[in-house]
Amino acid sequence: MTVPYEHLREDFKILQQHVNDEPLVYLDNAATTQKPEAVLKALETYYHTSNANVHRGVHTLAERATTQYEGAREKVRRFINAPSTAEVLFTRGTTTSLNWVARSLGDLIIEEGDEIVISFMEHHSNIIPWQQLAKRKGAKLKYIELTDDGKLDMDDAREKITEQTKIVSLVHVSNVLGVVNPIRELTDYVHDKGGVMVVDGAQAVPHMPVDVQALDADFYAFSGHKMMAPTGIGVLYGKRKWLEKMEPLEFGGEMIDFVELQDSTWKELPWKFEAGTPNIAGAIGLGAAIDYLENIGMREIMDHEQNLVAYLMPKLEEIEGLTLFGPKKASDRTGVIAFNIDGVHPHDVATAMDMEGVAVRAGHHCAQPLMNYLNQPATARASFYLYNTVADADKFVDALKATKEFFIHGLD
Ligand code: PMP
């Protein structure tokens, strides 16, 4: 390994603590990630040196804040290889990004009887906006089935996506199954049928190289807080040909050109969509997070997570009574591992593991249709990131075994 992963932890003060008298092993990265000193420092420096409102002022601080905010947009553009900053909108996060598309694109192109296609592995934020759109317009919402090993069923995808399909919205990496979906192949198919492709990239952009031009998706959404940036900042990438035709969803300051008594005109892209004072510090923090990730390298981060999964899988498969969800092959997935111990509720699993200092999540992971599909009321989930080490993986397995023993003896 070229990156000294043991030393990376030093960049994260929060990871250097004990929880329940045990060194913290943080494995809830799919929910949110920790922030390195470099990101915290960028926020502090911004507030110490440059805080002002953007775009409106000619004074020095206003110019500095604007330069840094727009500089962050350029960093995002480069990071995902978008053709222009006009196509990079700052939002509150993936949820807002997907809601914007469902509302604004939905209003533009969906008519009664049209079809919208998603899949059974979607997060609620890539289900409910489409349900609402379908209800509003009298459209039909269809779900692509999954294979037994937790991948998208591509045969079913080809059957469900038809000439009637106006929008397809799919997750790039599932927050439960960890599976990486073949977005480019799907996008080509959707475009062949005349549809628009939307991608929920919340669990992809933080963990692997993402090139929106190579994927050719029409829209791509993600959140800053899952990639070491602060909460409250996210991105919607959209192709200019769509964004230009779409109406903004919020109206007010910053997004206008001219305001008359009965009518107004909008600024050009991307500002037409960004009404009001934006999350300036959040965007700058996202820029700093991108610098941090790029310094390590996205391919390197993906390899690191896949190596951890490859290391863990055989150890987990040995544990009797443990059900694992998602593909078995490490190369098909990122560092998200959902699991259940027979006869033990996942909340009890997460509570017992917390006693060992291991932070995992339990619940439906905002994916109730997927839980029903898997026939599980809930699952436990460990999700790894670049600061997790082989020692963390070992501690996870040990804590899992101890948890299982504890509950089996408790039930005897
Ligand atoms: N989609 C996926 C796949 C996610 O994992 C999440 C976050 N759990 C979201 C969407 C929503 O992201 P946010 O809460 O940051 O808007």
Side-chain angles (χ1 to χ4, degrees), residues 26-35 39 76 80 89-103 118-132 143-144 146 150-152 168-181 183 186 197-208 210 215 217 219-237 249 279 282-283 285-286 289 305 325-327 333-338 350 359-371 373-374 378-385:
Y26 183 78
L27 299 180
D28 195 15
N29 294 289
T32 201
T33 57
Q34 303 305 344
K35 324 301 175 199
V39 168
V76 173
I80 59 171
L89 315 183
F90 282 128
T91 67
R92 284 206 307 275
T94 309
T95 305
T96 308
S97 301
L98 293 169
N99 272 278
W100 280 13
V101 184
R103 171 63 74 164
I118 60 174
S119 85
F120 276 103
M121 68 168 83
E122 302 308 320
H123 187 279
H124 293 163
S125 64
N126 198 31
I127 299 174
I128 306 165
W130 306 114
Q131 277 177 354
Q132 293 296 311
Y143 288 76
I144 299 171
L146 312 184
K151 294 182 181 174
L152 275 184
V168 177
S169 189
L170 295 171
V171 72
H172 195 167
V173 173
S174 160
N175 65 317
V176 178
L177 304 167
V179 61
V180 183
N181 289 323
I183 293 299
L186 285 152
M197 180 71 168
V198 183
V199 180
D200 169 357
Q203 299 293 346
V205 173
H207 303 281
M208 57 195 274
V210 168
L215 295 173
F219 295 89
Y220 196 101
F222 57 101
S223 300
H225 70 98
K226 293 181 196 286
M227 51 187 289
M228 305 200 162
T231 47
I233 187 77
V235 173
L236 174 63
Y237 157 78
L249 291 138
N279 183 353
L286 177 57
E305 286 184 31
F325 302 96
R333 57 193 300 162
T334 60
V336 175
I337 302 177
V360 298
R361 180 155 290 249
H364 52 60
H365 313 293
C366 296
Q368 285 178 12
L370 175 59
M371 293 295 122
Y373 197 83
L374 297 172
T379 77
R381 179 187 71 188
S383 49
F384 292 76
Y385 206 16

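Remember, it's 1-based here, ligands and their atoms both numbered in the order they're listed.
Distances from atom 8 (N) of ligand 1 to the heavy atoms of Lys226, His365, Arg92 put Lys226 nearest.
When hydrogens are left out, the protein atom nearest atom 4 (C) of ligand 1 is His123 CD2, 3.4 Å; that is the closest non-hydrogen contact. Nearest protein neighbour of atom 3 (C) of ligand 1, counting heavy atoms only, is Asp200 OD2, 3.4 Å. Nearest protein neighbour of atom 5 (O) of ligand 1, counting heavy atoms only, is Gln203 NE2, 2.6 Å.
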Test side chain to side chain contact (heavy atoms under 4.5 Å, CB included) applied to Phe222 and Val76, step by step: CA-CA 11 Å; Phe222 57 101; Val76 173; 4.0 Å; yes

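In this structure, Asn126 has no heavy atom closer than 4.0 Å to ligand 1. Residue contacts with ligand 1: Ser125 is included, with a non-hydrogen atom under 4.0 Å away.
When all heavy atoms of Gly282 and Pro230 are compared, the closest pair comes out as O-CD, 4.0 Å.
Side-chain atoms of Ser119 never come within 3.5 Å of backbone atoms of Leu170 as a donor-acceptor pair (strictly under, hydrogens ignored). Remark: the backbone N or O of Leu215 is not paired with any side-chain donor or acceptor of Tyr220 at under 3.5 angstrom.
Atoms CG and NZ, on Asn175 and Lys226 in that order, are 7.0 Å from each other to the nearest 0.5 Å. With rounding to the nearest 0.5 angstrom, the NE2 atom of His172 is 10.0 Å from the OG1 atom of Thr334. Residue Thr91 holds its OG1 atom at 6.5 Å from CG of Leu236, rounded to the nearest 0.5 Å.
Per-residue contacts place Ser223 under 4.0 angstrom from the following atoms of ligand 1 (heavy atoms of the residue considered): 12 (O), 13 (P), 15 (O), 16 (O). Interface of Val171 with ligand 1, defined as ligand atoms under 4.0 Å from a residue heavy atom, comprises 3 (C).
The distance criterion of under 3.5 Å between nitrogen or oxygen atoms is met by Thr95 with respect to ligand 1.
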